[in-house]
Amino acid sequence: MAAKAFISELKNYIGQEVTISGWLYNKTGKGKLLFLMVRDGSGIVQAVLFKNDVSEEVFEKCQHLTMESSLHITGLVAEDKRAKGGCEIQAKAIQIVHIADEYPITPKEHGTDFLMDNRHLWLRSSKQHAILKIRHEIIKACRDYFDGLNFTLLDAPIFTPAACEGTTNLFEVNYFDEKAYLTQSGQLYMEPGAMAFGKVYCFGPTFRAEKSKTRRHLTEFWMVEPEVAFCDLNQDMDLAEGLIMFILNRVLENRRDEFQIIERDITPLEKVKKPFPRIDYDEAAKILKEAGSEFVYGDDLGGGDETIISEKYDSPVMVTHYPANVKAFYMKNDPQRPDRVLCVDMLAPEGYGEIIGGGQREDDYETLVKKIEYHKLPMDAFKWYLDVRKYGSVPHAGFGMGIERTVAWICGRSHVRETIPYPRMLYRLYP
RNA sequence: UCCGGUGUAGCUCAACCGGCAGAGCGGGUGGCUGUUAACCACUAGGUUGUAGGUUCGAGUCCUACCACCGGAGCCA
C-alpha cells in the first residue's frame with residue numbers, strides 16, 4: 001500500500017511509491033506516453049504515464065481526461081531534470097474520482113470581467129493561488145508580531161450603532177426595530193480596550209459604501225488595528241515601522257517560491273530598511289509643489305500625490321501632522337501647532353500609496369466634546385467613547401493597516417481585487 | 001456621481017470607405033515514447049450587449065439603455 005503524500009513534500013519520497021490526490025491542471029501527450037500535470041493545493045507535479053504500464057482502459061480514459069478532473073495517482077517518485085520542480089511520478093495506477101465538465105479557464109489570456117465571474121475557479125490558477133498564500137503569510141505575520149509584543153486580540157463588533165467618521169460611507173442594515181451600520185473601523189472599540197488591557201489589536205473585515213472605482217478600493221476589506229495606552233505619535237510610528245519590517249522579513253523568508261510564480265521582482269522589498277523616512281505635511285506639500293502637482297495647500301493628499309511622494313523613497317514614508325480639518329474628529333491636536341493633528345499616514349513604495357493611517361487620539365474630555373460638536377456628530381452615540389476620557393484618561397495611539405493594499409504592494413499587483421479571495425466592489429457582489 | 005474607453009464563437013481578438021462574419025486558443029476525432037501554454041491533420045461552434053432609427057444593404061453610421069474596463073473625488 002503506497003503512502004499518501006502531498007505534492008509539496010514529494011522530494012522526501014524519492015524512490016518510494018506514493019499516492020497523490022488532486023486535480024488535473026494540464027495534460028500533454030505523445031502517443032503511447034502521457035503527461036498529467038496534477039495539482040493538490042500544495043503544489044503541482046507531473047505524472048508520467050506509459051501505455052504499457054497500465055491497462056488499456058485506464059490509458060484510454062486518461063487520454064480523454066478533462067482539465068480539473070479529480071483523481072488519485074499511485075506511482076514511483078523519481079528525480080528527473082526534465083520535469084518542472086525536479087521530480088515526477090511514474091504512474092502505475094490511476095483512479096478517476098470525477099470527470100470535470102469543460103473547464104472555462106484555459107492557459108491562454110482572459111479578461112478581468114470573465115475571470116472575476118469565475119473567481120471561485122480562478123482561485124485554482126497558480127498566480128492567484130500564490131498571491132493568496134502570500135496574503136496568508138502576511139496575516140499570520142501580523143498576528144505573530146502583535147502576539148509577540150504581548151498584545152491582546154480584542155475583536156471589534158461588525159454591527160455598530162453609529163459612524164466614527166460620518167454616516168455617508170456606511171452600509172445600513174435593519175437591526176430589529178432600529179438601524180445599524182456595518183463597521184468601517186474597530187478603532188473606537190479598541191480605545192476602551194487599551195485602557196483595559198494596555199495593548200490590544202483587532203483583526204477583521206470592515207465595510208465602506210464608498211462609490212469609488214479605483215485599483216485601491218474594495219467595499220469590504222480587512223484591517224488590523226492596534227491601540228496602545230501610554231503611547232504617543234512617535235511610539236506609534238515605531239510600532240507601525242516594526243510591523244512592516246516583521247511582515248517583509250517573513251514573506252522574504254517563507255514565500256520565495258510564490259514570488260517567483262507571480263514574477264514579483266523582490267529587490268524593492270529587500271531595499272526596505274529601518275528607519276523609514278518621516279516627513280510632516282509641510283515637507284510633503286513642498287515635494288508636491290516641486291513635482292508640479294495640482295495639490296492645494298491645506299487639502300488632503302490625493303491618490304496621485306501619494307504616488308509622487310512614495311516614489312521618492314525606497315522604504316515606506318510616513319507623512320505626519322496633517323491639517324486638523326481634513327482628518328477625523330478623534331485625532332489629537334498638536335500642542336505646538338493647534339491647527340495640525342498628531343496623525344500619520346504610511347505610504348508604501350513603488351507608488352502604492354497609503355497602507356496605514358493612524359495617530360495619537362484626543363485624550364481630553366472637554367476638547368473631544370467640542371470636536372464632536374464641531375463635526376456635527378450625535379453626542380449620545382459617543383457617550384461610551386467619551387468615558388475613556390473620564391476614567392483615568394491617558395495619552396494613547398494606534399493605527400489601522402489595510403491588508404489588501406499591503407498584499408497588493410508586496411505582491412506587486414496593480415489592483416487590490418486579486419489580493420482577497422472574493423472581492424466585494426462597487427459593481428461586484430458575485431460570486 | 002463625473003470624465004474617457006470597450007462590447008463580434010466557450011476565451012482572446014480581426015473584419016479597410018457601409019457590401020459573402022474570420023483567426024488563434026479551448027472542445028471533438030485521429031496520429032506521435034519526454035511533453036513543459038507540445039506538435040501535425042481533420043472537425044463542430046454565431047440573434048455581432050439590448051431596443052429602436054438611417055439605408056437597396058448595418059458588426060460598421062445615429063439615438064437611448066445595459067454591462068464591463070481605466071481614471072477622478074473619498075479613503076485603508
Side-chain angles (χ1 to χ4, degrees), chain A residues 25-37 44-53 59 63-64 66-68 78 80-86 88 90 100-118 121 125-126 164-166 168-170 184-187 205-225 240 294 299-307 326-328 344-348 352-358 399-409 414-417 419-420 425-428 430:
Chain A
Y25 193 68
N26 206 348
K27 179 186 74 180
T28 63
K30 191 122 166 91
K32 298 185 176 63
L33 177 61
L34 206 53
F35 299 96
L36 304 177
M37 302 293 293
I44 297 179
V45 73
Q46 101 175 354
V48 193
L49 192 57
F50 286 98
K51 193 171 186 177
N52 298 337
D53 290 354
F59 192 80
Q63 273 186 317
H64 295 100
T66 51
M67 293 306 111
E68 292 300 323
D80 196 312
K81 280 178 196 150
R82 292 169 295 188
K84 272 185 180 169
E88 63 183 20
Q90 294 165 354
D101 281 3
E102 191 182 327
Y103 192 63
I105 299 177
T106 69
K108 292 282 180 176
E109 288 163 31
H110 296 289
T112 311
D113 189 39
F114 174 79
L115 289 170
M116 278 299 168
D117 280 344
N118 290 287
L121 301 176
S125 299
S126 60
C164 65
E165 296 168 47
T168 50
N169 289 338
L170 292 179
Q184 61 175 351
S185 165
Q187 182 208 316
T206 54
F207 306 87
R208 299 202 184 165
E210 292 160 356
K211 295 208 165 176
S212 36
K213 263 181 60 178
T214 80
R215 64 183 72 225
R216 307 191 314 281
H217 286 86
L218 297 168
T219 53
E220 177 179 321
F221 65 98
W222 285 66
M223 272 212 292
V224 58
E225 296 177 276
E294 288 174 26
D299 285 0
D300 208 346
L301 304 188
D305 298 329
E306 289 180 357
T307 301
V326 302
K327 288 290 179 184
V344 56
D345 280 359
M346 186 191 285
L347 311 180
Y352 275 92
E354 186 175 1
I355 52 169
I356 284 179
F399 62 83
M401 185 180 83
I403 297 302
E404 289 74 20
R405 286 188 181 178
T406 305
V407 177
W409 161 50
S414 61
H415 202 299
V416 289
R417 66 188 158 210
T419 65
I420 185 167
M425 296 178 290
L426 182 51
Y427 296 118
R428 182 163 297 276
Y430 178 93

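Proteins get letters first, then strands, A, B, ... in listed order; numbering begins at 1 in each.
- In terms of phosphate contacts, A/K84 brings no side-chain nitrogen or oxygen within less than 4.0 Å of OP1 or OP2 of B/U36.
- When atom types are taken as modelled, the side chain of A/E225 and the backbone of A/G186 share a donor-acceptor pair closer than 3.5 angstrom.
- Note on A/G353: nothing from the nucleic acid sits closer than 4.0 angstrom, heavy atoms only.
- Contact annotation: A/N26 side-chain N/O to B/U35 OP1/OP2 distance is not under 4.0 Å.
- In the set B/G26, B/A76, B/A72, B/A72 carries the atom at the smallest distance from any side-chain atom of A/K213.
- Residue ring and nucleobase are stacked for A/F221 and B/A76, with a centre distance beneath 5.5 angstrom and an angle between planes beneath 30°.
- With both ends at atom P, the span from B/G30 to B/A67 equals 45 Å, rounded to whole Å.
- Spacing of C1' atoms, B/C69 relative to B/C13, comes out at 16 Å, to the nearest Å.
- Taking the side chain of A/H64 as heavy atoms from C-beta on, and the options B/G73, B/C75, B/G30, the nearest nucleotide is B/G30.
- Across all strands shown, the partner of B/U63 is B/A51, judged by Watson-Crick or G-U wobble contacts whose two distances both fall under 3.5 Å.
- Going from the P atom of B/U54 to that of B/C40 covers 50 Å, rounded to whole Å.
- Between A/H110 and B/A37, a side-chain N or O to OP1/OP2 separation shorter than 4.0 Å is absent.
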